[in-house]
Peer 1: 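My structure is below; once you've seen it, I'll send some questions.
Both ligands and their constituent atoms are indexed starting at 1 by order of listing.
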Amino acid sequence: MPLVRLNKYLSEMGIASRRESDVLISKGKVKVNGKVVTEMGIKVDTEKDKVEVNDSVAKDREKLIYIALNKPKGYVCSVKPTRMDPNTVLDLIDIDERIYPVGRLDKETTGLLLLTNDGTFVNAIIHPSSESEKEYEVTFYQQIPLGAIFKLEEGVKLEGVRTLPTRVKKIAPAKIRIILREGKNRQVRRICQKVGYPVKSLKRVRIKGLSLGNLKLGEWRYLTKKEVENLKA
Ligand code: URA
């Protein structure tokens, strides 16, 4: 029987601090099982007792979840499987809470994908005005010359609109790292195709200050509080 003091229970529910809860209790604003309680220090059974404040039931605030996944190929960033795409990234994360992916990676793209149930967090990362940096490792079928890299850096016209300038670093003859600050559909694949170098494989290695690190393909972990704060900033 999980018994806790009423003021502690109210503060854990996010309703008020313990001191403010004492004030609510003394003013007769809190009911336990339908009866007003004004007695300080009363304990409640968190599983059985019904606690109301100002006549509405004190419910647990939604627990906010933040996850980093190393997405493997073959999984779609969607919450609903379809006949064409039966494997979704949610199949890889076995938790009870309902979460959803923050933006998308193509089915064939691997790497860092965030998942959450916090809408503000999603906005801080994918809203175009945030211009959040996303870094990708791109492998080509053939060596890529400097001329093509310069074109990628300048920005490329897609459907008549020029993409923002990017930063590109060549890390092997047929491999680059590219940093985008926008998230047009299949942007990396389309701009590389446009400059004449179709993508062989694509991996996202960083979102803002968060790197993929050593998560293996298909592995996930919870973000730390600090990482969440930095991503929201
Ligand atoms: N750009 C792409 O082309 N694909 C992705 O999955 C992400 C960025």
Peer 1: Going by ring pair (Phe, Tyr, Trp, His ring centres under 6.0 Å), name the residues that satisfy it together with F140, two or more places apart in sequence or in a different chain.
Peer 2: none
Peer 1: Atoms of ligand 1 less than 4.0 Å from D106 heavy atoms?
Peer 2: 2 (C), 3 (O), 4 (N), 5 (C), 6 (O)
Peer 1: Under 6.0 Å from the NZ atom of K232, do we count more than 12 heavy atoms belonging to anything else shown?
Peer 2: yes
Peer 1: Hey, does R190 come in under 3.5 Å of ligand 1, counting only N/O atoms on both sides?
Peer 2: no
Peer 1: Are the charged groups of R221 and E227 less than 4.0 angstrom apart, N to O?
Peer 2: yes
Peer 1: Looking only at protein heavy atoms, which one is nearest to atom 1 (N) of ligand 1, and what is the separation?
Peer 2: V188 N, 3.2 Å
Peer 1: Would you give the length of the straight line joining atom CZ of R5 to atom CE of M40, rounded to the nearest 0.5 angstrom?
Peer 2: 9.5 Å
Peer 1: Any Lys/Arg nitrogen of E133 or R181 sitting under 4.0 Å from an Asp/Glu carboxylate oxygen of the other?
Peer 2: no
Peer 1: Run the numbers for me: atoms of ligand 1, each under 4.0 Å from some heavy atom of Y136, listed by number.
Peer 2: 7 (C), 8 (C)
Peer 1: Using a heavy-atom cut-off of under 4.0 Å, does the side chain or the backbone of T109 touch ligand 1, or both, or neither?
Peer 2: side chain
Peer 1: May I ask you to check whether L202 has an N/O atom sitting below 3.5 Å from an N/O atom of ligand 1?
Peer 2: no
